[in-house]
Amino acid sequence: MKIVIIGGVAGGATAAARLRRLDEHARIIMVERGDYVSFANCGLPYHIGGTIGEKDRLIFETPESFREKLNVEVRIQTEAIAIHTSKKEVILRSSDGSIVIEPYDKLLLAPGARPYPLKILGAERAPVFSLRTIPDMEQIMTYIDTYDPKKATIVGGGFIGLEMVENLVVRGLDVDLVELSDQVLIQMDPEMAGWIHQHLADQGVQLHLSQSIERVGAIHPRMRLLMNDGSNLETDMLVLATGVVPETKLAVGAGLIMGKVGIQVNEFLQTSDPDIYAVGDAIEVWNPLIQAPVLTPLAGPANRQARLAADHMIQGNQNAYEGGIGTSITKVFELAAASVGLNERRLKSAGRPFLSSITHSNSHAGYYPEALPMIIKLLFDPEGRILGAQIVGMDGVDKRIDVLAAMIKMGHSVSDLCQLELAYAPPFGSAKDPVNIAGYVAQNILQRQMEPFSWREANDMNDPNAFFLDVRTIEEQTINPFEKANTLSIPLHELRGRLHELDRSKTYITVCQIGQRGYLACRILIQNGFSAKNLSGGVKTFQYATNKGDSIHPD
Ligand code: FAD
């Protein structure tokens, strides 16, 4: 069997290694148009920032090590330019222009994605960078070392944009972040992104939300960026991180069937030609939560798909790819931001009914030193099935999102979260883990023990029959975030004795710092015949969602 692999990084290199483990006698050729194979693109921003010291640590294998360890022929600086499916041939062009026609029995496409080609007028004259490869990274580092820029502007507030923000700040640059949307990390909901906005501002990053760059004006002595709102931004370098588009040119040229957003494959990663497989950023995968094809340009899915495709090529076995639910995490200075599944925007556009809960927890037992805050948002359907989860926090975010991702993948419900038995000792967690707590609160909502009132409803509230009932202590109530609305104040510990002050014909929205005392107040009111709802996630969540730049400090 002769197998040709196009693309030599995450998907391609993983498939090559798996193929060799399964078939010692196959001839395996891996073709890569760049200079490197099997490198950690995910680590590139951290080498720029200096956290990953030596460049070699980013490179797992070389063409030589592939040959020595795995007997895989690697051809770098070689581009696949066409596939003749009827003849089962792929046409390869080397950097010296020479052409080779390579026949195959099976072909694997792992060509990845390329940076979204954002057009900014005048940018061709300016120091503008993107980050996808080791040479991209080296260009950025060489520019910094040579010209000692003081200011950088990043365009795009996704994972790579935020990682570049952090690492350029670490390098000592003043950084502006320009984002077209009104929030960073659009896979998260606004109240979750709000903490990240605050944290970026605390690190000195200038955030320009709902803005875009119209064109690059003068270049010297500094680059002048002309913004869509008419303002100007001065900078010394521009990094574009506005997402990626799948590399589908080769597949389109070969006549393979394209899906809605990427190369179409079946559950065994076969394209419309059964001898041609495709994996990674270039393909669309089935999202079981919305029952639709999506792109998941992430390293984990690319690696798993590559293994399955290799298995199917050699063994023809029946291990199917189950689709993607978009589990992801990123570091933003001291914060970790993670999400899985669907957010509110996606659920609304899919027309799916849903409920949500927001819980503020500590990373481990509060009485043990260095417990740090985290916020968990759950989205679930009216039957309780978990549809999405988002977490922002300073410690322990990774393990919680992984638990939630596993539960979503397996189709579990919020009541299953209440039943989870998770490892606990004070330095690591709590007897009621944040994941259990999220489950309890979601279950309370489902069982109608508490009706949540969202930050949006609070922001828009103009019902004369509804009152915010602030149950925080008087000392905590220095800020009333609901300036124009009716707000009463009765601290929780006084509530039972002051129920006579309340009006049974009104609705009370209980308010506290993070939603917990509000829940207790809500239960007291409901059991005494009042109509009550609880501000979901409390004042802190409301402030994160509506923050206009004031400092909010997590407890
Ligand atoms: P790639 O790994 O990009 O490999 C594709 C290769 O194919 C490229 O080297 C390309 O040169 C080559 N190629 C394309 N066309 C041809 C052709 N015609 N002929 C020959 N060769 C060709 N994901 C995460 O999950 N977590 C992270 O923290 C994370 N951080 C990231 C940070 C950065 C800066 C970047 C760029 C990506 C990051 N990713 C992260 C995404 C992750 O790296 C990708 O999802 C993953 O690499 C996709 O694997 P792939 O094999 O599909 O494509």
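When a residue number appears, it is its place in the shown sequence, counting from 1. Note that ligands are numbered from 1 as they come in the structure, with each ligand's atoms numbered from 1 the same way.
For atom 28 (O) of ligand 1, the closest heavy atom belonging to the protein is Cys42 CB, 3.8 Å. Regarding atom 36 (C) of ligand 1, its nearest protein heavy-atom neighbour is Leu131 O, 3.6 Å. Closest to atom 24 (C) of ligand 1 among all protein heavy atoms lies Ala299 N, 3.4 Å. Shortest contact from atom 14 (C) of ligand 1 to any protein heavy atom: Pro111 O, 3.1 Å. Of the protein's non-hydrogen atoms, Glu32 OE1, 3.4 Å is the one closest to atom 6 (C) of ligand 1. Remark: minimum distance from atom 17 (C) of ligand 1 to any protein heavy atom is reached at Ile6 CG2, 3.6 Å. Summary of contacts: the protein heavy atom closest to atom 4 (O) of ligand 1 is Val9 CB, 3.4 Å. Looking from atom 44 (C) of ligand 1 to the surrounding protein, the closest heavy atom is Asp281 OD2, 3.4 Å.
The two residues Asp182 and Leu209 have their closest heavy-atom pair at O-CD1, 3.4 Å. Between His197 and Val184, the closest heavy-atom pair is NE2-N, 3.1 Å.
Applying the 6.0 Å contact sphere to CD of Glu322 captures no more than 12 heavy atoms from other residues, nucleotides or ligands. Taking a 6.0 Å sphere around CD of Glu370, one finds it holds 12 or fewer heavy atoms contributed by other residues, nucleotides or ligands. Within a 6.0 Å radius of CZ in Arg222, more than 12 heavy atoms belonging to other residues, nucleotides or ligands are found. Sparse packing is recorded around CZ of Arg346, with 12 or fewer heavy atoms of other residues, nucleotides or ligands lying under 6.0 Å away. The number of heavy-atom neighbours closer than 6.0 Å to OH of Tyr116, taken from other residues, nucleotides and ligands shown, is 12 or below.
An N or O contact shorter than 3.5 Å links Asn41 to ligand 1 by distance. For a threshold of 3.5 Å applied to N or O pairs, the pair formed by Ala302 and ligand 1 contains no separation below that value. Ligand 1 has no N or O atom lying under 3.5 Å from any N or O atom of Ile160, backbone or side chain. Geometrically, ligand 1 and Ala10 share a nitrogen or oxygen pair separated by less than 3.5 Å. For the pair Gly11 and ligand 1, the shortest N or O to N or O distance falls below 3.5 Å. Polar contact check, Glu247 against ligand 1: no nitrogen or oxygen pair lies under 3.5 Å apart.
Side-chain rings of Phe129 and Tyr143 approach one another, their centers coming within less than 6.0 Å.
Each of Leu108, Ile28, Asp311 was scored for a side-chain contact (heavy atoms from CB on, under 4.5 Å) with Leu19, with one residue passing: Ile28. When the options Arg345, Lys348, Lys377 are evaluated for a salt bridge (Lys or Arg N to Asp or Glu O under 4.0 Å) with Asp189, the one that passes is Lys377.
Classified by interplanar angle (parallel below 30°, tilted 30° to 60°, perpendicular above 60°), the ring pair His199/Phe333 is perpendicular.
Counting heavy atoms closer than 4.0 Å to ligand 1, residue Thr78 contributes backbone atoms (N, CA, C, O) but none from C-beta onward.
Summarising the contacts of atom 53 (O) of ligand 1 with Gly280, Gly7, Gly112, Pro115, the nearest heavy atom is found in Gly112. Summarising the contacts of atom 20 (C) of ligand 1 with Arg33, Met30, Gln305, Met164, the nearest heavy atom is found in Arg33.
Close approach to Pro297 involves these atoms of ligand 1, each under 4.0 Å from a residue heavy atom: 41 (C), 45 (O).
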